[in-house]
Structure formats: structure tokens, C-alpha cells
Amino acid sequence: MVLTSLTPCEGFTGDGATPNDPCTSTTDSNRMDVNAFLGGMDLGNPWATPAVYFADFDAAVAVPDSATGEEKLAAAADSGDHVNLSNPAFGALTTALLSPVDTWNLDDGMPVATDTAATDTLNAAGADPNLGNSPLTLTGGTTWATDATRGTVLSLDGSTGYAVSPNPQVVNSTGSFTLSAWVKLNTVGTTNQTVLAEEGTENSPFYLQYNHSHTGSPGWGLGFTSADTSNPTFTYAYAAGATAGTWTHLTGVYNAATRTAQLYVNGTLAGTATGVTPWAATGNLVLGRGLYNGNQDDWVNGSVSGVQAYNYALTANQVTALYQNIP
């Protein structure tokens with residue numbers, strides 16, 4: 001990662017806690033020389049033997065300065081001295097190495113939402129044929145809308161609108177996985193609204209959703225059904241409180257090794273469930289509704305943006321970085 005600077009350490013005067021404080025022009029010049037040396041090395045490529053994979057750390061934590069155009073740490077990635085990273089920034093670097101297997105920005109304006117996940121990071125080593133190859137086909141009451149906060153977003157009508165992947169088992173529901181999405185509901189009434197789910201024959205094994213009645217207090221949940229049979233029992237990582245007309249970042253994490261499910265709301269851990277053992281979904285990933293007792297239900301009435309799927313359990317720092325949109 002090469003961070004250039006016209007002003008030594010962006011004017012940071014130091015706190016006297018380390019030998020390099022205050023940051024001098026010599027210190028800053030040495031830092032840039034090291035970065036330039038590392039950036040010029042030929043370390044290989046994904047097609048070499050052994051294969052070498054790269055991550056764009058600049059894009060992960062840096063932004064251009066609006067006044068000078070020089071590259072610097074994003075505000076949320078900066079620990080305060082303009083050189084060292086914040087904890088969420090380390091999470092962003094991890095995600096740059098182990099990127100999503102699927103990313104749907106939902107800003108296409110077309111009948112199909114493109115999967116823009118990177119295919120040249122470490123995830124490519126797994127040879128998943130669906131990596132970055134699961135566009136979502138829009139169905140029913142779906143429209144592209146312009147939002148003042150997030151630009152172009154996918155709007156769902158709450159009765160027939162959803163989007164579906166072409167491939168079954170986009171998410172391995174029995175393995176570790178993470179799902180994230182920005183959601184803005186039009187209403188938070190007495191009907192569940194499922195943002196993401198994957199289908200079996202009768203049910204979905206998991207639902208990332210707004211739930212109106214799990215604890216008697218409406219809120220957000222990552223729910224799991226006990227079986228692909230009629231009237232299954234449910235297990236939830238749950239957080240009470242949901243607001244209509246407000247963008248909320250939801251992240252559902254399942255760790256197969258610990259059998260633990262976690263729900264993050266706006267980058268903060270809000271609910272946990274233990275002893276969770278999902279059954280294997282055989283159907284497609286669906287955005288905007290669920291499947292329960294053989295019926296399509298729990299339609300989203302609202303807007304969705306920035307959806308991602310990972311084939312592992314993200315850490316808390318990675319989730320915070322997603323919410324903070326580092327960079």
C-alpha cells in the first residue's frame with residue numbers, strides 16, 4: 001500500500017509516545033521510500049506456480065484528499081495519527097484479502113442485478129464456479145429508485161417483488177457464511193419482511209429479516225428453521241427495535257465451527273444464538289421474500305442496497321468496516 005503525502009504525516013505533530021513523534025519530513029520520506037520499494041517488487045501473479053494473489057489495500061483503506069489529490073487514510077480507517085490504522089481498518093484489509101463471493105450493489109437499472117464480486121483474490125483459490133457469477137433476476141413488483149442517501153436502489157412492493165439467483169446453493173447453509181445488506185423499510189407492521197433467504201422444499205434454512213413478533217417486540221433477526229418440513233421450530237439471533245424510513249445495515253454471521261449465529265445492526269453486535277445447526281438448502285438465494293411451509297411469504301416493502309455474501313464468518317472488525325464503508 002503506497003500512501004503519498006505532500007505534508008509530512010498530514011500535519012500530525014505527534015504525541016511524544018514513540019521515537020518517530022513528532023513526524024518529521026525525514027520520517028515521512030523514509031516511509032514513502034519503503035512503500036515505493038515494496039510497490040515495485042514483482043511478487044508473481046494468480047496464474048504463476050505457486051499462485052500469488054493480491055489485494056488492493058489502497059482501495060480498502062485510502063481515499064484521495066479533496067484539496068491536494070494525494071492519497072491518505074480514510075477518516076474511519078485513521079487511528080488519529082494519519083499513519084496507523086483503526087481496528088475496523090484492519091478488518092477492511094482482511095476483507096480485501098478474503099473478499100465476498102457475491103456482491104450486488106443493486107444500482108444497475110436493468111432487469112438483472114449484476115454480481116460484481118472480485119474473482120482475483122484469495123477466494124479464487126477455492127475454484128468456486130459461482131464466484132462472482134450469480135446475477136439476480138428481478139421478478140414481480142421491483143423497480144429501480146433514486147434515494148437521496150444511497151443513489152440508485154432496488155425498491156420492492158411488499159407483495160410480489162423479489163430477486164433470485166440463477167444458481168442453487170449460493171450460500172452453503174451448513175457451512176460458515178455471512179450475509180450483509182442495507183435496508184430501508186416503508187413500514188414496520190405486523191408482517192415479517194425477509195431481506196435474504198435460501199430455499200429448500202418447504203422452508204428456508206435461514207432468514208435475514210425484519211420480524212414483528214419473535215419476542216413480542218418487533219425488530220431485526222437472523223432466524224433458522226429446524227428442518228425442511230411443515231411447521232418447523234425457529235432459533236433466532238435477534239435485536240428488538242426497527243424503524244421505518246431509515247437505512248439500516250444488517251449483517252448476519254453463522255460460524256459452523258462454534259454453531260453460533262450473530263446479528264449485527266449498524267455495525268454493532270446486537271443478537272447471538274448458540275447451538276445452531278442449519279440444514280442444507282437445495283434451492284436458490286432469494287432477495288426480498290422467504291419460503292415457509294411451501295409458501296412464498298414475508299415480502300419486503302421497502303428498498304435494498306449494497307448486498308454481499310461471504311463463505312466464512314466475518315469478524316466484528318470486518319462487520320464494522322462494512323458499516324462504516326471504509327474507505
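Only a predicted model underlies this, so the values are computations on that prediction, with no experimental measurement involved.
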Legend entry - Val188 vs Thr243, side-chain contact (heavy atoms from CB on, under 4.5 Å): CA-CA, chis, key distance, verdict: CA-CA 7 Å; Val188 286; Thr243 304; over 6 Å; no
Legend entry - Check: Asn133 main-chain N/O paired with Asp115 side-chain donor or acceptor under 3.5 Å: yes
Legend entry - Ring centre gap for Tyr254 and Phe224 strictly below 6.0 Å: yes
Legend entry - Distance (rounded to the nearest 0.5 Å) between Asn186 CG and Asn301 CG: 4.5 Å
Inset, instruction - Determine the minimum heavy-atom distance between Ala181 and Val304, stating which atoms define it. - result: CB-CG1, 4.4 Å
Inset, instruction - Evaluate the criterion side-chain contact (heavy atoms from CB on, under 4.5 Å) for residue pair Leu156 and Trp299; output intermediate values, then yes/no. - result: CA-CA 8 Å; Leu156 305 167; Trp299 305 86; over 6 Å; no
Legend entry - Leu98-Val171 co-clustered via ILVMFWY side chain contacts under 4.5 Å: no
Inset, instruction - Please answer whether the main-chain N or O of Ala281 pairs with a side-chain N or O of Glu199 as donor and acceptor at a distance below 3.5 Å. - result: no
Inset, instruction - Mind checking the CG-CG spacing from Leu136 to Leu285? Nearest 0.5 Å is all I need. - result: 7.0 Å
Inset, instruction - Evaluate the ring planes of Trp182 and Trp247, with Trp represented by its six-membered ring, and classify them as parallel (under 30°), tilted (30 to 60°) or perpendicular (over 60°). - result: perpendicular
Legend entry - Distance-only polar pair, side chains of Thr160 and Asp157, donor-acceptor under 3.5 Å: yes
Inset, instruction - With the side chain counted from C-beta on, respond yes when Leu322 and Tyr310 share a heavy-atom pair under 4.5 Å apart, and no when they do not. - result: yes
Legend entry - Stepwise side-chain contact (heavy atoms from CB on, under 4.5 Å) check, Leu208 with Leu263: CA-CA 9 Å; Leu208 183 63; Leu263 174 70; 3.9 Å; yes
Inset, instruction - Report yes or no: do Trp220 and Leu287 belong to one cluster of Ile/Leu/Val/Met/Phe/Trp/Tyr joined by side chain heavy-atom distances under 4.5 Å? - result: yes
Legend entry - Euclidean distance, Leu196 CG relative to Leu250 CG, rounded to 0.5 Å: 9.0 Å
Legend entry - Check: Ala240 main-chain N/O paired with Ser217 side-chain donor or acceptor under 3.5 Å: no
Inset, instruction - Write down the atom of His212, the atom of Gly189, and the distance for their closest heavy-atom approach. - result: CB-O, 3.3 Å
Legend entry - Ser176 side-chain N/O to Ala256 backbone N/O, donor-acceptor pair under 3.5 Å: yes
Legend entry - Expected output: side-chain Thr225 to main-chain Ser204 donor-acceptor under 3.5 Å: yes
Legend entry - Closest contact, heavy atoms only, Ala270 versus Ala239: CB-CB, 3.5 Å
Legend entry - Between CZ on residue Arg289 and OG on residue Ser159, distance to nearest 0.5 Å: 12.5 Å
Legend entry - Min side-chain heavy-atom separation Leu291-Val286 under 4.5 Å: no
Legend entry - Beyond-backbone contact of Leu97 with Phe57, side-chain heavy atoms, under 4.5 angstrom: yes
Legend entry - Side chain proximity check, His249 to Gln324, heavy atoms < 4.5 angstrom: no
Legend entry - 4.5 Å side-chain heavy-atom contact, Asn317 and Thr94: no
Inset, instruction - Tell me yes or no: between the side chains of Thr95 and Gln318, is some donor less than 3.5 Å from an acceptor? - result: yes
Legend entry - Sidechain-backbone polar pair: Ser165 side chain, Asn167 backbone, donor-acceptor under 3.5 Å: yes
Inset, instruction - Using atom types as modelled and distance alone, determine if a side-chain donor or acceptor of Gln193 lies under 3.5 Å from a backbone N or O of Thr187. - result: yes
Legend entry - Over all atoms of both residues, closest heavy-atom pair of Leu131 and Pro100: CD1-O, 4.1 Å
Legend entry - Result of checking Asp107, Val153, Thr152 against Asp147 for side chain to side chain contact (heavy atoms under 4.5 Å, CB included): Val153
Inset, instruction - Using atom types as modelled and distance alone, determine if a side-chain donor or acceptor of Ser173 lies under 3.5 Å from a backbone N or O of Trp279. - result: yes
Inset, instruction - Could you give me the CA-CA distance, side-chain angles and deciding distance for Tyr264 and Tyr323, then say whether ring-ring contact (aromatic ring centres under 6.0 Å, His included) is met? - result: CA-CA 10 Å; Tyr264 291 80; Tyr323 168 64; over 10 Å; no
Legend entry - Heavy-atom closest pair, residues Gln209 and Thr194: NE2-OG1, 2.8 Å
Inset, instruction - For the residue pair Glu202 and Thr229, establish whether any side-chain heavy-atom pair is separated by less than 4.5 Å. - result: no
Inset, instruction - Can you label the angle between the Tyr236 ring and the Phe234 ring as parallel, tilted or perpendicular, going by 30° and 60°? - result: parallel
Legend entry - Pair Tyr292 and Tyr207, ring centroids less than 6.0 Å apart: no
Inset, instruction - Measure the shortest side-chain to side-chain distance between Asn231 and Asn293 over non-hydrogen atoms and say whether it is less than 4.5 angstrom. - result: yes
Legend entry - hydrophobic_cluster_shared for Leu222 and Val170, side chain cutoff 4.5 Å: yes
Inset, instruction - Indicate yes or no for a side-chain donor-acceptor contact from Asp102 to the backbone of Ala309 under 3.5 Å, with no hydrogens or angles considered. - result: no
Inset, instruction - Could you state whether Phe177 and Tyr312 fall into the same hydrophobic cluster, counting links through intermediate Ile, Leu, Val, Met, Phe, Trp or Tyr residues with side-chain heavy atoms under 4.5 angstrom apart? - result: no
Inset, instruction - Taking the side chain as every heavy atom from C-beta outward, state whether Leu73 and Leu85 have any pair of such atoms under 4.5 Å apart. - result: yes
Legend entry - Spacing of OG1 belonging to Thr248 relative to NZ belonging to Lys184, to within rounding of 0.5 Å: 10.5 Å
Inset, instruction - Indicate yes or no for a side-chain donor-acceptor contact from Asn211 to the backbone of Ser213 under 3.5 Å, with no hydrogens or angles considered. - result: yes
Inset, instruction - Verify the cluster assignment for Val253 and Phe90: are they in a single hydrophobic cluster under the rule of side-chain heavy atoms below 4.5 Å apart? - result: yes
Legend entry - Closest approach of Val63 to Pro327 (non-hydrogen atoms, all atoms of both residues): CG1-CB, 3.6 Å
Inset, instruction - Kindly compute the distance separating OG (Ser305) from CH2 (Trp104), expressed to the nearest 0.5 Å. - result: 13.5 Å
Legend entry - Between Ser226 and Thr233, a side-chain donor and acceptor under 3.5 Å: yes
Inset, instruction - Compute whether any side-chain donor of one residue and acceptor of the other, for Asn172 and Thr174, lie under 3.5 angstrom apart. - result: yes
Legend entry - Identified side chain to side chain contact (heavy atoms under 4.5 Å, CB included) counterpart of Leu138 within the set Val112, Leu106, Leu154: Leu154
